[in-house]
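Computed from a prediction, not measured in an experiment: that's the story for all the values here. Only heavy atoms go into these numbers, but all of them, side chains included; no hydrogens, no water, no symmetry mates.
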Amino acid sequence: LKETSYSLILIDLELGKESGFDFINALKAMEFTFMPKLLVITASEREDDEVKSYQLDIDSFVRKPVKPAAFKALLEKYLNQRDRQGPGLR
């Protein structure tokens, strides 16, 4: 992940062997030139999952099923931020 610049990473809390929380912690431990926005998307209904996600300093938390128009607007917000910050980000 460090080899390429990303503007946004979507993270599901249910990843199989590891949890999304483990993945977030691993990302936070990396030294990115530009830290990507972290968006958690999950079917979890547990309020503590949302609280824990924000305690890990994510940028957004979205519950499934997503509302397509709202989700599109959120993605556009982050992608527009990327465009203002310059080239080289995916």
Stepwise, does the side chain to side chain contact (heavy atoms under 4.5 Å, CB included) test hold for L39 with D59? CA-CA 6 Å; L39 192 157; D59 296 285; over 6 Å; no
Got L79 and S7 here, is their nearest side-chain heavy-atom distance under 4.5 Å?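 The answer is yes, as the side chains (C-beta and beyond) meet within the 4.5 Å cut-off.
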Under the side chain to side chain contact (heavy atoms under 4.5 Å, CB included) rule, what do D49 and T42 come out as? Steps first, then yes or no, please. CA-CA 9 Å; D49 283 346; T42 184; 5.5 Å; no
Closest heavy-atom contact between [X] and [Y]?
X	Y	answer
R63	E50	NH2-OE1, 3.1 Å
Y78	K37	CD2-CG, 3.6 Å
I58	L38	CB-O, 3.7 Å
Y54	F61	OH-N, 3.2 Å

[atom2] on [Y] to [atom1] on [X], rounded to 0.5 Å:
X	Y	atom1	atom2	result
S53	I41	OG	CD1	12.0 Å
L27	D57	CG	CG	12.0 Å
L15	F23	CG	CZ	7.5 Å

Can you check side chain to side chain contact (heavy atoms under 4.5 Å, CB included) on V40 and I24, steps first, answer last? CA-CA 9 Å; V40 169; I24 294 168; 3.8 Å; yes
Between K28 and M35, is the side chain to side chain contact (heavy atoms under 4.5 Å, CB included) condition met? List the steps. CA-CA 8 Å; K28 295 289 184 175; M35 185 64 179; 3.9 Å; yes
All side-chain hydrogen bond (donor to acceptor under 3.5 Å, both in side chains) counterparts of K64, not counting sequence neighbours: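 With neighbours one apart ignored, the set is D12.
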Same cluster or not: are L56 and V51 linked, directly or through other Ile, Leu, Val, Met, Phe, Trp or Tyr residues, by side-chain heavy atoms under 4.5 angstrom apart?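 Per the 4.5 Å side-chain linkage, L56 and V51 are not co-clustered.
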Determine whether more than 12 heavy atoms belonging to other residues, nucleotides or ligands lie under 6.0 Å from atom CD of E76.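 Yes, CD of E76 has more than 12 neighbouring heavy atoms, counting only those of other groups under 6.0 Å.
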Using modelled atom types only, decide if a donor and an acceptor are shared between the side chain of D22 and the backbone of S19 within a distance under 3.5 Å.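 Judged by distance alone, yes, a pair lies under 3.5 Å.
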